[in-house]
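Convention: sequence-line order gives letters A, B, ...; per-chain numbering from 1. Keep in mind it's a predicted model, so treat the numbers as computed, not measured.
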There are 2 protein chains.
Amino acid sequence: MTTQWVYNFGKDKNEGDASMRNLLGGKGSNLAEMAGLGLPVPPGFTITTEVCTAYYDNDKNYPDELAAQVEAALEQIESSMSAKFGDSENPLLVSVRSGARVSMPGMMDTVLNLGLNDATVEGLAKKSGDERFAWDSYRRFIQMYGDVVLGVDHHDFEDVIDTFKRNNDLRQDTDISADGWKEIVADYKTLVERETGKPFPDDAREQLWGAVNAVFDSWNVPRAVTYRRIHEISDKWGTAVNVQSMVFGNMGDDCATGVCFTRDPSTGDNYFYGEYLINAQGEDVVAGIRTPQSLTIKGREMEGSDLPSMEESMPAVFKQLDDVRHKLEKHYRDVQDLEFTVQKGQLFMLQTRAGKRTAKAALKIAVDMEKEGLITKDEALLRIEPQSLDQLLHPTLDPNAKKDILSKGLPASPGAASGKIVFTSDKAEEMAQAGEKVMLCRQETSPEDISGMHAAQGILTSRGGMTSHAAVVARGMGKPCVAGAGELHIDGKAKLIRVKGRELKEGDILTIDGATGEVMAGAVDTIKPELSGDFGTLMAWADKRRRMKVRANAETALDSKTARDFGAEGIGLCRTEHMFFEPTRIQNVREMIFATSEDKRRAALEKLLPEQRKDFAELFDIMSGLPVTVRLLDPPLHEFLPHGEEDTAQFAKAAGFSASDVEKRLNDLHESNPMLGHRGCRLGISFPEIYEMQARAIFEGALEASAKNNEAVVPEIMIPLVGTRKELEILRAKVEDIAKDVFAEKGKGLEYMVGTMIELPRAALTADEIAQSADFFSFGTNDLTQTTLGMSRDDAGNFLPEYIGQGIYERDPFASLDVDGVGQLVDIAQNKGRSVNADIKLGICGEHGGDPSSIAFCESVGLHYVSCSPYRVPIARLAAAQATIKAEEAPGKSEAAKKAA
Amino acid sequence: MTTQWVYNFGKDKNEGDASMRNLLGGKGSNLAEMAGLGLPVPPGFTITTEVCTAYYDNDKNYPDELAAQVEAALEQIESSMSAKFGDSENPLLVSVRSGARVSMPGMMDTVLNLGLNDATVEGLAKKSGDERFAWDSYRRFIQMYGDVVLGVDHHDFEDVIDTFKRNNDLRQDTDISADGWKEIVADYKTLVERETGKPFPDDAREQLWGAVNAVFDSWNVPRAVTYRRIHEISDKWGTAVNVQSMVFGNMGDDCATGVCFTRDPSTGDNYFYGEYLINAQGEDVVAGIRTPQSLTIKGREMEGSDLPSMEESMPAVFKQLDDVRHKLEKHYRDVQDLEFTVQKGQLFMLQTRAGKRTAKAALKIAVDMEKEGLITKDEALLRIEPQSLDQLLHPTLDPNAKKDILSKGLPASPGAASGKIVFTSDKAEEMAQAGEKVMLCRQETSPEDISGMHAAQGILTSRGGMTSHAAVVARGMGKPCVAGAGELHIDGKAKLIRVKGRELKEGDILTIDGATGEVMAGAVDTIKPELSGDFGTLMAWADKRRRMKVRANAETALDSKTARDFGAEGIGLCRTEHMFFEPTRIQNVREMIFATSEDKRRAALEKLLPEQRKDFAELFDIMSGLPVTVRLLDPPLHEFLPHGEEDTAQFAKAAGFSASDVEKRLNDLHESNPMLGHRGCRLGISFPEIYEMQARAIFEGALEASAKNNEAVVPEIMIPLVGTRKELEILRAKVEDIAKDVFAEKGKGLEYMVGTMIELPRAALTADEIAQSADFFSFGTNDLTQTTLGMSRDDAGNFLPEYIGQGIYERDPFASLDVDGVGQLVDIAQNKGRSVNADIKLGICGEHGGDPSSIAFCESVGLHYVSCSPYRVPIARLAAAQATIKAEEAPGKSEAAKKAA
């Protein structure tokens, strides 16, 4: 059997429908669907996406049968329209449009009026009774075809018109007569021949194939290729080509063209939203020469416009269009984005597709449609892009504001903010206390900058990736952050930022958009977030639906409260070291590190104990009734040491050390690769007294909070960087000893768990050993990504953009879990872990815990919870619900989830 | 059925044999074996190792049946010896000795004369007709028992004797009469009661059980536990206890005691080697109060001694002993270490075991025994510890020389050397050129120190582990190196080494032993290595037997020649970056790095090309006919940058850069974790022109060498640090393009391969993808260990000793492959790799390639070759042969090896 490469649509012969999107593309399949519903669709045909694939597989040759099938389809249109393609008396004109499976900018868009030449233009003039319209259509065709098919710069065409108007002393295009357009057509042809070396194609079929080739060729232009890579669209999908008989919105005042949405795409309100222009072709709406008019009276009134709405000017056709609106929304069960043309009072539908909408609108539409009974709760949940909730939680830039963009970094933490440039944490605090809004700008941040980050409106760094310190902490705080803006030379010493020849100094105002990564000079207006009741409704549905719990990564009281307000069901990662940096404590921490004997170290730790206990008591109080995972000290000790001469001297003096002692110790603690150094449980093995102090603070704090609330927390004590079962065994025993001591001293006990982070490949590979000594695993996918890929997140900025550019990694593996590599280890670990310990509790606490596609992976391997920064909790709740729904839709895929259930 | 916990040995009832070593321990099973052979073994019994296990499993309680079984076994001895345990008329005396499966220092050794008390001593006096002998035996018993069973300090006993001699004006023990010993016995008892709070046990059975308990308890003393951990002896094995009737070598001049070897354990020469003492108990030989005499006339003559040999003084007994010697060596088919006692002219055998021997002796004995038909070639091969060959290849310290040991570091590269302390590479070269022997002492070395390391006799560092730069390079050069000697404070600025309060300055002489890690002040005599014909014989057998090929890691002409001389069958790892550090090139390399555009970079590379081509041509010439794996540039670029102000200024001037340009670039290239940074193939992706230059140099060099030798090399071009198939695809295509270009230019081609190092967990996990684009995998287990364990080899020195001390890792995972973790990834990778590419060539080029137990692992997963530093090639050849033999002995274990065959 011969392959069918061409499918007709229209009322007389309609071969496709909406289910054939992969074959016919989005546009083609929806045109057929509309025709099938009996809506007025100008007849046409679709050349399938398979032709595109065949074209590229065969060195840009078409399948043998294609030409004949196109001819047959063309004949069908001719018969429906009672006109003939290329006929000088009664010419059929067509449009040619691309149409891939998903909408894709960059490809050839549209050629209208195809089929016109010096002979057929006369036929069109006669048929329409309007010579000026015919020649205007002809010149529009040459201009569009010349631009998108033949590659002649569209400015050159505009120059021809401008010259003509100047020479003839005319002001507007509407002043040009039929003869004027004739003259311009001649000039256009001269222009095309000069630019391309060939005369403009006269033959209608040559024109048609030229346009079809151009569509297929545009599939592989760089912009389209880039777009596909970013959006994970396969190169193999290909595009379809739609050839459709022309209808004209510009044949007089009983003609019009317009675009509309079945609901307001900006607010989600359920009214008919759209614009139209009388006596115009589609491109006129886009070109912005004439101001489009509102479709409805309501719309006109809202805009305060005097121009008549279509509801008023063409009431009958409007009624017809409004019927189409209801029919299509009910049929597609979603907001539709429509294009239509009215030709001599007759309505034609040219496109329908799902309408793009703002996050706010998406939320309202989903909740409304569920209430209207149009969609189910599951469908409503699946309609919202989880990431888009960020727009509802953080300030965003006013889309109408002017932006002086300096550079672009990584969109590290969402939200937009402006502030005066400061280069140090101290300065940030000082100015913030004086009531100034500041923007903390640093090469990279370290734990010492926490207070400055708190004080600042936003954080900008020139180094580091999506999981750099600045990015992680900013997300935790819900503050905007642009990280790794490498074009910026941030010179803290000179208090200058240099970028592309410009210089900004301390005190200058800067704006960042953490959702796009844009860095702008000056202040840019922002819009405050607001949470509607719809948000609460949808979140409640999500909570009912999802299998996985959602926890937050938090250690401060503020973050924990935020997390609980956002619906966190516990803490998945409390990084105790963040508590060590408070100015009142850091001296004690440093003295502990400098202690030359266990006794002295214990003495310094003794001073830290009450502070840590207070921290935990407060945290457990806030999280009362929920589990809290506390990670024991993790970073290498040198992170806590003084930096710079002044700081060092100050510390040495306060602690009573000589400068050379301090220098020697600093030197001893220096590491070549601190990420792989003396940190995590290795510290616990070397200096067990540190972990003992922390365990004591946890148990004492937990008992204190439990007594206060009469409701217990369940501390889950997490040993970091475990690579062998033995490490966990040794340290677990120490924690259990402390628990026994504390419980005996206080005369009461509580439930607790001891587990480990899985963040080293060796831990994942030997999880069947480690799980025998662990009550839980928490996948620390930040470090697991670093070790599995051998890639430092702090240094990857030098090559990762290139890597993503060349498609070596599809997405930043620190932002979205590398399923093939890191994911494989997570899967190995959960399988091996469960094989020896069926009840082991499994969660993820890396940054991936807040990334929807990573959350879907976590569902597929049956984790019990995900944990993410507080502001991502709503995103994770929705993403987890979607993951549950999708897993049920694809049964069998989630064996692990069944085990977890 | 009741478990048999006790086994008799001796001519009347002999229940064991040598095959029961696990149950009866080494000593017990060999005593039974000797008795079974009809040799004169004093009767006794063995309490099995299972009793030890039961003892610990049951809270230090013995199995119920034990007491009765011991009684029965005791009765058997009583009957054989016609004497009665604890009987005052005719007392049976026994010795009690420990005896584990393998010999293990730290445990309780021996109690002799057990059964003596105030009553039985009179019986012994009567029976022996020698009262002095009886009381001397009694006091010896109290002293031994008091020391090893009751824990009384043996010095306290000696003090009693000294006081007695002083009070009675006696000079030697032999001057003490029977009455004197009686008095001492009384004082001994007083001492014991004072020290232990209890009287010395009088009852023979109480004495016996006390000794048995002491043996079992000594299984878990710290020293024994440590020994087991180091030697990978399971805690579960337990020790046996041997109770044996006493025979006396100290009852007169017709008595003697001695130890002997069936061949010379130092040279391997086939003559009867040993010492004896007339009228003495075993401990006298050890105590060193009397000088032992040689066993044979030949021995006496070799030593130039006047003291009569046993061959002369007791010819009949000697003849009998010599018969035993031949009988046992033939029976055990190995050199035996024997203990004997002669009591009143009658020979008794007290022990036989395999004799410890030097590397040289082991080699000679193995080859000799094969010639004698005593053992097979396979057995000969298995008799040699591969590591021990190091002693034959490197200078060793004279064992008789005095050593002033300052500290101990890691035994990083074998061999011993002395030299004057220098702190910089430049100084090392300068002094070496002036004819001085120097010792390069640094905190750590970097590639810039190569020339200084070449100039030095040895290298000493205070930082870094077994695979630190210093260690790896020194092994490659065959130079002694002690690394990570953390107690030493090496202060290059002050030109001082401080250690334990002592100071050494530049020019002071230092000696290091790279086989033990010892660092000594002053010069210590060394012994030069010599290779005998036996070495060649054994190596030839090994080469015939092994399945895996052995290659070397080398890049210089010198190293490559050494490697080929040592039998390397190709280069497994040529690290091209080592070639970049030569003074003539480093300027060009730096200019390449500083180039601000591709053009400038290409210009700098153009200057490097002829140098690299020369390198490769030379290397390929030396390795003519063999495969050579060349790794393209791997380390992060900042390794090549100038260090220190002077160097930086010099470079900037020569290259025409401003100081601030240089500083900015240095800053840009700084990395937090260079190990996980912009290196390996990431450089190739970012700067393809570097790899293109290297590929060109390789192909041009290979064609040049092939033309010269009329024998081709097969260059195997290795892309480092691959984590995804795509990286390899992109870079492979570039290499292939260069190959095409070069072959076209030169008008001839050659065979080559393109493959990758597997050194990232992700690469191993996705090996089924990567293998589709790779001709070979070389496991880079140094980096794979770093990433899998999340452990920087440069920083691990801070905690790894503690880790090994606590048994978290059995051995340094950088020296011996971590089979459970890293090995699992190697196995996953070879399986996945072969699943898509059955012919893929697999090798290992990490430091583990020279470690025998790692080599055994490589055999088990079917690698095709191992590659190691040149001086380890012989070790690897032998280890590979042993691995093949052992794999055949344990069939089914090595499925992978079958695939590889």
If we ignore hydrogens and angles and just use 3.5 Å, is the side chain of A:Asn673 paired with the main-chain N or O of B:Met675 as donor and acceptor?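 Yes; judged by distance alone, with no hydrogens or angles, the pair exists.
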Whether A:Asp795 side chain and B:Ser672 backbone form a donor-acceptor pair below 3.5 Å: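 It does hold such a pair.
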Leading residue by heavy atom contact count with chain B [cutoff under 4.5 Å; candidates [options]]:
options                      : result
A:Gln443, A:Gln824, A:Glu759 : A:Gln824
A:Gln786, A:His489, A:Glu444 : A:His489
A:Ala764, A:Pro636, A:Gly677 : A:Gly677
A:Gly486, A:Gly790, A:Ser686 : A:Gly790
A:Asn667, A:Asp668, A:Val822 : A:Asn667
A:Gly723, A:Gly680, A:Pro674 : A:Pro674

Among B:Gly821, B:Ser462, B:Ser792, who wins on heavy-atom pairs under 4.5 Å with chain A?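 Winner by heavy-atom pair count: B:Ser792.
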With a 4.5 Å cut-off on heavy-atom pairs, point out which of B:Glu727, B:Glu802, B:His670 contacts chain A the most.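 Answer, by heavy-atom pair count under 4.5 Å with chain A: B:Glu727.
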Looking at A:Thr785, A:Thr787, A:Asp818, A:Thr788, which hits side-chain hydrogen bond (donor to acceptor under 3.5 Å, both in side chains) with B:Arg762?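 Exactly one candidate clears the test, A:Asp818.
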Interatomic distance, [X] atom [atom1] to [Y] atom [atom2] [nearest 0.5 angstrom]:
X        : Y        : atom1 : atom2 : value
A:Cys681 : B:Ile808 : SG    : CD1   : 7.0 Å
B:Asn798 : A:Leu683 : CG    : CG    : 10.0 Å
B:Thr724 : A:Tyr803 : OG1   : OH    : 6.5 Å
A:Arg682 : B:Phe799 : CZ    : CZ    : 4.0 Å

Region of [X] in contact with chain A, defined by heavy-atom distances below 4.5 Å:
X        : result
B:Ile828 : side chain
B:Leu800 : neither
B:Arg463 : side chain
B:Glu671 : both
B:Gln806 : both

Can you tell which part of A:Ile730 gets under 4.5 Å to a heavy atom of chain B, answering side chain, backbone, both or neither?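 It is the side chain, since no backbone atom gets that close.
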Note, A:Met791 side chain near B:Leu676 side chain (heavy atom, < 4.5 Å):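 A:Met791 does not reach B:Leu676 side chain to side chain.
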Decide if atom CD of A:Gln772 counts as having more than 12 heavy atoms of other residues, nucleotides or ligands within a radius under 6.0 Å.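 Atom CD in A:Gln772 is packed in, count exceeds 12.
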Shortest non-hydrogen contact from A:Asp820 toward B:Thr766: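 Answer, listing the atom of A:Asp820 first, then B:Thr766: O-CG2, 3.9 Å.
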